[in-house]
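Below: the structure, in structure tokens.
What you see is a predicted model, and the numbers here were worked out from it, not measured in a lab.
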Amino acid sequence: MGEFVRVEVADQIATIQLDRPKMNALNGQVQREIGEAAREVDADPGTQAVVIYGGARVFAAGADIKEMADMSYADMSLHSRTLQDCFTAVARIGKPVIAAITGYALGGGCELALCADFRVAGESAKLGQPEIQLGIIPGAGGTQRLPRLIGPSRAKDLIFTGRHVPAAEALAIGLVDRVVPDPEVYTAALEWAATFVAGPTVALRAAKQAVDQGLEVDLDTGLEIERLQFSGLFATDDAKAGMRAFAEKSKPKFTGR
């Protein structure tokens with residue numbers, strides 16, 4: 001457990017909770033603690049799904065501008081690697097990950113949400129990449145993950161203007177997957193995460209890797225990634241249990257092996 005980021009596990013769902021008053025500004029320490037939390041939940045066999053949550057007031061309003069303002073090029077060329085590595089650790093969690101977004105998810109906060117598989121937002125939430133208004137660009141994956149999610153034209157609109165996107169528009173363009181009343185955001189994320197708890201964990205990890213890695217390569221290579229993941233699952237007990245249950249018209253009991 002870090003000073004500003006903690007992990008809580010209940011019913012096989014891990015919550016990565018950001019708690020740096022007042023706005024969960026993502027300074028270097030918070031970034032490192034996010035990376036540590038991501039690696040912890042990824043390695044935990046008792047965790048089947050993950051929720052990233054910033055609290056009832058705000059998800060994360062972005063990077064700590066005061067910390068960045070005095071950095072030189074040399075400083076940032078080193079720090080930016082750490083920043084990307086910490087967020088990539090979230091994207092590589094081999095389990096379903098849901099971002100529960102309240103209030104603002106701006107800059108680094110939006111980039112953190114992009115690392116999740118799914119995003120649930122409150123009705124008053126606002127997302128965006130406002131870095132251009134500081135004379136810089138997103139540096140934690142925004143120029144790469146955002147266009148992969150919503151398309152290059154829409155991503156350029158958000159990145160070039162730095163505007164804040166309300167929840168309804170975010171839903172319409174695919175930036176978030178569900179919008180619920182503000183008080184229900186965390187509960188909705190937990191309920192969604194719970195749908196994965198009894199699932200075949202090895203197959204879920206394989207599916208996530210096949211989709212994510214396939215997006216980075218040409219179609220033929222992506223199909224080969226899929227083929228290898230698909231074939232490999234026939235060595236698992238879960239595959240045998242699932243197909244046996246199908247034949248017997250019963251509910252499968254997966255063990256993660």
Working for salt bridge (Lys or Arg N to Asp or Glu O under 4.0 Å), residues Glu36 and Arg39: CA-CA 5 Å; Glu36 291 165 1; Arg39 288 183 281 270; 5.6 Å; no
Verdict with supporting geometry, Asp212 and Arg145, salt bridge (Lys or Arg N to Asp or Glu O under 4.0 Å): CA-CA 11 Å; Asp212 289 351; Arg145 292 191 176 98; over 6 Å; no
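Shortest non-hydrogen contact noted between Glu111 and Pro138 is OE2-CB, 3.3 Å.
In this structure, the side chain of Gln48 does not engage the main chain of Ala198 through any donor-acceptor pair within 3.5 Å. Counting only distance, with no hydrogens or angles, the side chain of Thr187 and the backbone of Glu184 share no donor-acceptor pair below 3.5 Å. In this structure a side-chain-to-backbone donor-acceptor pair under 3.5 Å is missing from Asp44 to Val41. Looking only at distances, no side-chain donor or acceptor of Asp11 sits under 3.5 Å from a matching main-chain atom of Ile13.
Between Glu40 and Arg6 there is no salt bridge, since no side-chain nitrogen of the basic residue lies less than 4.0 Å from a carboxylate oxygen of the acidic one. Residues Arg205 and Asp42 are paired through a salt bridge, judged by an N-O separation under 4.0 Å between the basic side chain and the carboxylate.
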Give every donor-acceptor pair under 3.5 Å between a side-chain atom in residues 245-257 and any protein atom, sequence neighbours left out.
none

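Sorted by first then second residue, the salt bridge (charged side-chain N to carboxylate O under 4.0 Å, His left out) pairs that include residues 91-108, not counting sequence neighbours, number zero.
Taking 4.5 Å as the limit, some side-chain heavy atom of Arg20 sits within range of a side-chain heavy atom of Asn27. Between Leu18 and Phe4 there is no side-chain heavy-atom pair separated by less than 4.5 Å.
Using the six-membered ring where Trp is involved, Tyr104 and His164 have ring planes that are perpendicular, over 60° apart on the 30 and 60° scheme.
Looking only at atom types and distance, the side chain of Asp85 has no donor-acceptor partner in the side chain of Thr88 under 3.5 Å away.
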